[in-house]
Each structure stands twice: as C-alpha cells, then as structure tokens.
Amino acid sequence: RWFVDKNEKNLTNHPQVIQASLWIKKDEVIALPTETVYGLAGNAQSDQAISRIFESKGRPSDNPLIVHISNHEQLEGLVSSVSESAKKLMNAFWPGPLTIVLPKGEQVSEKVTAGLSTVAVRMPDHPVALALIEASGVPLAAPSANLSGKPSPTTADHVYEDLKGRIPGIVDGGSTGVGVESTVVECTRNVVTILRPGGVTQEDLEKIVGSGNVKVDPGIENKELAPKSPGMKYTHYAPDAPFVLVDGSAEFIQQLVDNERRAGKKIGILTTEERMSVYKADTIIPSGKRSQPETVAQHLYEALRSFNEAGVDKIFGEVFPKTGVGVAIMNRLEKSAGGNVVKE
Ligand code: TXA
Ligand code: MG
C-alpha cells in the first residue's frame, strides 16, 4: 500500500507515486483513488495490462473500460473526433465526474472498448490520480476497483477486501469524495445521451448544452431494452444478503422487519442519519443525511458493504426522490436490490 496525502505539493515526483507508476510501466495493474470511487488502473495502450484488469476483477470481457487522462493533449489518437457538445462538457466538467463516450481513435485497443467503435474518456478530479497518469506517461484504463458485482470501493480498505493477492499494490489517498461513479454520456453527435447517471446530474448537463439537448438512454430503466452502456445490464453493488428496497413509510418498513425477526431472521436496515433512531432491527446503518443527498451518495457503498460484516440475513432499504444526485443513488440501489422493490 502506497500512502499518498492528496494535499501534498508536486505529487508527480512523490516517491510513492513513482513506485506505483513503475508497476504501470511493467504492464501491471494497481488501484488508485479518484474523486468518485477507487479505480483499477493499467496502461490503456497495453493489451497485457488490459487483460490483467479484466482477470483481476473477474469482469465480463464485453464490458468496456473508461480511459483516464490528465491533459487534453492525450485525446489525440484516443478519439477520432470531438463534437461541439463534448467540447462544452469537457470545459465545464473536467477534471470531474463526467465520462464522455466518443468515436474511438486508431490507438485504442479493441480490448479496452470491448469491440465497440466508441471509447469512454474522463479526466478525474483527484490530484493523486492525475499525478499517477502524468508519472506513467500514458492514459490509464480503469474500471472501479471492486470484484465484479460488488459495491464499488470508496476506501483503500474496500479495495484490499476485494482484491488482496490479486494485484501488486494500492495507492491509498484516503476516502473518495463523490462516492458514486461518474456520469457516462454519449456525445458522438451533438445531442448528449446519459448512459449512466452519476456525480454530474442531468440538470448540470442541461445548464451547459441546453435542456433540449440532453436525453436519457431508455435502456437504463426499461428492462425490455438493451442499455447502451454494456455495464448497466449486469447485477451490481450487491451486499451478501438479499436487499429489498421499500417505497413506504418508516412504520411500514418496521412492520416488514418485525415479521422477519419474529421468524428468527437477523435483519438490517439501510437508512439515513435523520431516521436512524426510529427503527428497531439487528443492524441499522445510515448512509449520510437525507437532507443532503450528496452525503448519501458519498457513504452509500460503505454502508452496503458494512452489512456483510454484520452478517444479516436480509436488508431493507429506504428509497430517495429521483432528482439531482438522487437519480444516481436510486439507480445504484435498484441494481443492488436486483429489482426487488416493495411498495406500501
Ligand atoms: O467514476 C468512475 O467512472 C469510475 C472511476 C474509477 O473512474 N470508473 C468506473 O468504471 O465506474 P466501470 O468500469 O466500473 O464503469 C464503466 C462504465 C460501464 O458501465 C461501461 O459499460 C461503460 O462505462 N462504458 C465504457 N466504455 C463505453 C462505451 N464505449 N460505450 C458505452 N458505455 C461504455
Ligand atoms: Mg464498476
């Protein structure tokens, strides 16, 4: 584990960052912090590194990777064209939690894009990630650094839990900030299509390109349609125990919990700080404050993971309004529940 304080100056020459970059130069993969979640990074131009990424997290090979860059010059060869809307979004949100899908350039391996004609690119807003890309001298392909199917890691400990013995090292830059993954948008034409909701909201995008120019891929919500982002079709973010989302009052949730506990089951509840004390259950875990949805996003995966340690038989979770970052929160919760939603 390479500890790096993200507030230090001149991180590109930091001895620990240099150490990590030497592994990247040997086509190995290492975990690194970003502002969203930890990533599992390898040289985007090395087929061997890309294979190692897929192997170490057990990722299906038809799910393409995001390529991370630290400066705009690296777009050369990576993408074949940049639409006007893409330029506006880059100026507004990079570095930041926005991944832009563009026509791929000739330098990009089929392995990165899983055979697609497009490539996903983002410039992360994390000084350690940017320094590591600079020190490595190449763009870094990086999916979230969890085992496939598990909640994404927001601390180096989460990465260790999932990938110990599978990768040579983790750059530990502390907890990530946003907590959910980047928003993925397709921008091959001037209309911007949201393929995965995330840290940058639909409202944020509309402010930059105009509200008529932002669409949402219908495949995100509608199970009958194939989502345009291959990763959206997989089960994700699942805690070990079955997870049920409940669209109802605290009293209703408590009734469901009581029924299960009478049958001898150990029950967990995923709630927020405001409502923690209204419930009775075996394990009650808050994810941030309901009044501040950003804090819910920030702690969501950590909360989902902590039910595993608690060893509960079933988890009930509250729903959130689908506005702003709530769209990303609900997208992740619905996935981790595998569509298991109960209405009062
Ligand atoms: O915040 C993030 O985006 C984090 C950090 C590490 O940067 N990364 C991340 O990567 O979440 P991953 O691999 O877990 O998710 C990437 C998503 C997947 O849903 C994948 O299918 C989609 O992006 N994707 C990648 N390339 C694509 C492409 N060419 N077209 C459509 N979707 C693409
Ligand atoms: Mg992921």
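Order of appearance sets the numbers: ligands from 1, and atoms from 1 within every ligand.
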May I ask whether [X] places a heavy atom under 4.0 Å from ligand 1?
X	value
Arg122	yes
Thr113	no
Pro230	yes

In plain terms, say whether [X] and [Y] are close enough for a salt bridge, that is, a side-chain N and a carboxylate O under 4.0 Å apart.
X	Y	value
Arg52	Asp27	no
Asp162	Arg305	yes
Asp313	Arg261	no
Lys111	Asp47	no

Side-chain donor-acceptor pair under 3.5 Å between Ser70 and Glu134, yes or no?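 Distance-only check passes for Ser70 and Glu134.
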Within the 3.5 Å criterion, strictly below it, is a donor on Glu251 or Gln255 matched to an acceptor on the partner's side chain?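 Result is no, nothing qualifies.
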Pairs of nitrogen or oxygen atoms closer than 3.5 Å, one from Ser144 and one from ligand 1: do any exist?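 So ligand 1 has an N or O lying under 3.5 Å from an N or O of Ser144.
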Should Gly39 be counted as touching ligand 1, given the test is an N or O pair under 3.5 Å?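 No, since none of the N or O atoms of Gly39 sits under 3.5 Å from an N or O of ligand 1.
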For [X], atoms of ligand 1 separated by under 4.0 Å from a heavy atom:
X	value
Ile66	3 (O), 8 (N), 9 (C), 10 (O), 16 (C)
Thr36	1 (O), 2 (C), 4 (C), 5 (C)
Leu116	28 (C), 29 (N), 30 (N)
Glu181	1 (O), 2 (C), 11 (O)
Leu65	25 (C), 26 (N)
Asn63	18 (C), 20 (C), 21 (O)
Arg196	2 (C), 3 (O), 9 (C), 11 (O), 15 (O), 16 (C), 17 (C)

Part of [X] with heavy atoms under 4.0 Å of ligand 1, whether side chain, backbone, both or neither:
X	answer
Arg59	side chain
Thr118	both
Leu195	side chain
Lys228	backbone

For [atom], what is the closest protein heavy atom, and at what distance to 0.1 Å?
atom	answer
atom 7 (O) of ligand 1	His68 NE2, 2.6 Å
atom 3 (O) of ligand 1	Ser182 OG, 2.5 Å
atom 19 (O) of ligand 1	Ser229 OG, 3.1 Å
atom 24 (N) of ligand 1	Pro64 CG, 3.8 Å

Output the distance between atom OH (Tyr38) and atom OG1 (Thr176), rounded to the nearest 0.5 Å.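 Tyr38 OH to Thr176 OG1: 7.5 Å, rounded to 0.5 Å.
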At what distance, to the nearest 0.5 angstrom, does CD1 of Ile69 lie from CH2 of Trp94?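 Nearest 0.5 Å value for the CD1-CH2 distance: 4.5 Å.
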Test salt bridge (Lys or Arg N to Asp or Glu O under 4.0 Å) on Glu35 and Lys6; report intermediate values, then the result. CA-CA 11 Å; Glu35 83 282 30; Lys6 68 176 180 187; over 6 Å; no
Asn146 N/O/S atom closer than 2.8 Å to the Mg ion (ligand 2):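 Short answer: no, not a single N, O or S atom is under the cut-off.
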Think Arg332 forms a cation-pi with Tyr301, using NZ or CZ under 6.0 Å from the six-ring centre and within 45 degrees of its axis?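 No, cation not above the ring by the 6.0 Å, 45° rule.
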Got Ser117 and Pro103 here, is their nearest side-chain heavy-atom distance under 4.5 Å?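 A side-chain contact under 4.5 Å is absent here.
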side-chain contact (heavy atoms from CB on, under 4.5 Å), that's the test. Do Val342 and Leu245 meet it? Break it down for me. CA-CA 6 Å; Val342 175; Leu245 261 182; over 6 Å; no
Start with the C-alpha gap between Tyr237 and Lys150, add the side-chain angles, then the distance that decides, and say whether side-chain contact (heavy atoms from CB on, under 4.5 Å) holds. CA-CA 5 Å; Tyr237 319 113; Lys150 301 274 179 200; over 6 Å; no
